[in-house]
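Down below is the structure, laid out as structure tokens.
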Protein chains: 2
Amino acid sequence: MQQVADRAGVSIATVSFVVNGNKRVSADTRARVTAAMRELGYRNNVVARALASRRTRILALVFPVLEHRLGQTALQFFTSAASRASELGYHLVLWPAVTTADDVQELISGGLADGVVVMEVTMHDPRIDRLTELEVPFVAIGRTADPSAISFVDIDFERTVEDALDHLTGLGHRRIGLVVEDLDGTTMADYGPKVRSEAAFRASVARRGLTGTVVAAGASAEGGRRAAADLLERDPDVTAAIIMKDDSNFGLVSGLRAGGRRVPEDVSVIAIVSSDGAGAATEPVLTTLNAPGPELGRLAVESLVERLEGGSTERTHTLIPCALHLAGSTAPAPA
Amino acid sequence: MQQVADRAGVSIATVSFVVNGNKRVSADTRARVTAAMRELGYRNNVVARALASRRTRILALVFPVLEHRLGQTALQFFTSAASRASELGYHLVLWPAVTTADDVQELISGGLADGVVVMEVTMHDPRIDRLTELEVPFVAIGRTADPSAISFVDIDFERTVEDALDHLTGLGHRRIGLVVEDLDGTTMADYGPKVRSEAAFRASVARRGLTGTVVAAGASAEGGRRAAADLLERDPDVTAAIIMKDDSNFGLVSGLRAGGRRVPEDVSVIAIVSSDGAGAATEPVLTTLNAPGPELGRLAVESLVERLEGGSTERTHTLIPCALHLAGSTAPAPA
DNA sequence: ATGAAAGCGCTAACAG
DNA sequence: CTGTTAGCGCTTTCAT
């Protein structure tokens, strides 16, 4: 930096000012400095800057290891968050949280990251408590039971379930099943998406005077198959199913067929918090409500950066609905 | 740190020594320092340490944005690399490379990362050239056409194809198709996995005196369906297919059926560089050769860290085979 | 085995 | 608008 300063005939401080653009510098001086930087191939040292400014411009994305297999949506969080961070001049480090309420401390008081994004949030998430009590700037992708005190971006599960039910009731369906992931006995038992969707479903079904049946699905296609059997046993007259577990989509459809039901003639199926790709891996192609994975990652980072830079302490609460993609798996209810 | 030193009755330098453990300190002093650290809740500042030691202990994982949808295997790279890095006392930052041959410069001369992991490598990858010429310590997940000069970990595609062919020929198959991703016209046209598998297939089929047909599949299930039609048209007597594109698995099977073939009675199907989960989303469950995603991420990081710490300039070349998982989609060739 | 001290490369008051 | 200067918190010779 000193070399650049010498070459431009200015002081090292002035170089710093033009690099950071946070102080007024005459156009002329700026030009000379810029030229000198280019000629010397100067690169601002991120670490020194971080030490002096007490801001690393690094964001940490905390993700759970073990416990819970991450899916396509998680991947989208990673990539979209990293990309958005990059655009805003930040870096995203992946922080594997092996145990719950992990050493977030090391992260922040260690000075590595300026802020944190947490994902896979449960209704009573110890990590959120910890981050709050440590006063770490953070944004959650997902939300706890009472999220009023935190900043978050999340899928609007309540609305998504409503949309799915609107679609199905619009087709005349009155007996509807909901397939959610089986998380009993794991630390993810109160996983937000599952709990919220199930609650929204039960409430809405009651409000609408429908017959609703909730079944849990284990892992993979086999889980879906069992869920189908379970559903048909508990409500043989069911005419529609909403499923929120992509890797069981195929199994559900297959299980419904094994139970003697045609899809969609006898039973309509709609996958929520899903994607076109997941829906296409089934015959017929599934009607889906697509998860806004990329938006969530992007917005989480934007919100965090704003908090970091704007210094605003106010909490942002953003809910995004899933987008409906119509396909062949939903049809009017049988007479 | 000064406070810790005071409390332990030693100098700040001594504290540094015990923190880093790279210099001999008497057991007694060490104990006092450790106690003082705990009592004061001392956390070593990562940034200051990085500035002074000129090593950030940060690794960058460069991933492509746009161009190429990342899949489950990429997710595994992210998480396993991050976890392994963490275990080794490093951090992993996600580096989105928007354009090819991106500003890797900023990364290293900017001083943020000590080393780089590149993924989604093509046979002639400009990023590899750039990293090499900049003398950046890096490890590739994947390899270029001539990888002798670089360190890499990769799937052993040649062996994987051999394994698939061994399995199929063992069942009596002589006319075999290979379905690979259609990448023509994209910057990923010479994507390593595709090019290597296709080449290995052609070579091995010739060597074994079999009839091999290679078809390209577009995106999603529909791509698989078209590939099936294409394959059946080009070799109506084909009795087995190897597919290396998970999101087309379902379409392929479905397309084979649409073409009047039963799976596996008429045509056996085996998915390579796949996973149990992907294989289960089809009826019958697919026989798969599972990609060692987690191992690759882990090994890449280990190799890079060893290079960084051991100072050894020698290149490591690691090839890992896929693991065979037998299921219902492969059967003896029809008479 | 421990301590003193010179930076690492940059930022941010403060002064001019 | 530009320069001076005192650190940021830690590592690392070099002495002792």
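- Each end of the helix from C/dA1-D/dT16 to C/dG16-D/dC1 yields a helix axis from five base pairs, and these two axes differ in direction by 30° (to the nearest 10 degrees).
- In this structure B/Phe152 satisfies the ring-ring contact (aromatic ring centres under 6.0 Å, His included) test together with B/His317, sequence neighbours excluded.
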Summarise how protein sits on nucleotides 4-11 of chain C as a single string, 5' to 3': B when a protein heavy atom is under 4.0 Å from the base, S for sugar-phosphate-only contact, - for no contact. B--BBBBB

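- Within the cation-pi definition used here (under 6.0 Å to the ring centroid, within 45° of the axis), B/Arg196 does not qualify as a partner of B/Phe157.
- With sequence neighbours excluded, the residues satisfying ring-ring contact (aromatic ring centres under 6.0 Å, His included) with B/Tyr191 are B/His68.
- Distance CG (A/Leu112) to C1' (D/dG9): 15 Å, rounded to an integer number of Å.
- Separating the CE atom of B/Met37 from the P atom of D/dC10 is a distance of 11 Å, rounded to the nearest angstrom.
- The nearest whole Å value for the distance from the CZ atom in A/Arg32 to the C1' atom in D/dT2 is 11 Å.
- Partners of A/Asp28 under the salt bridge (Lys or Arg N to Asp or Glu O under 4.0 Å) rule, at least two apart in sequence or in another chain, are A/Arg32.
- Annotation: salt bridge (Lys or Arg N to Asp or Glu O under 4.0 Å) contacts of B/Glu39 (sequence neighbours excluded): B/Arg7.
- Look at B/Ser26 and you'll find a side-chain N or O under 4.0 angstrom from OP1 or OP2 of C/dT2.
- Side-chain contact check for B/Ser303 and B/Thr316: at least one donor-acceptor pair (N or O, by modelled atom type) lies under 3.5 Å.
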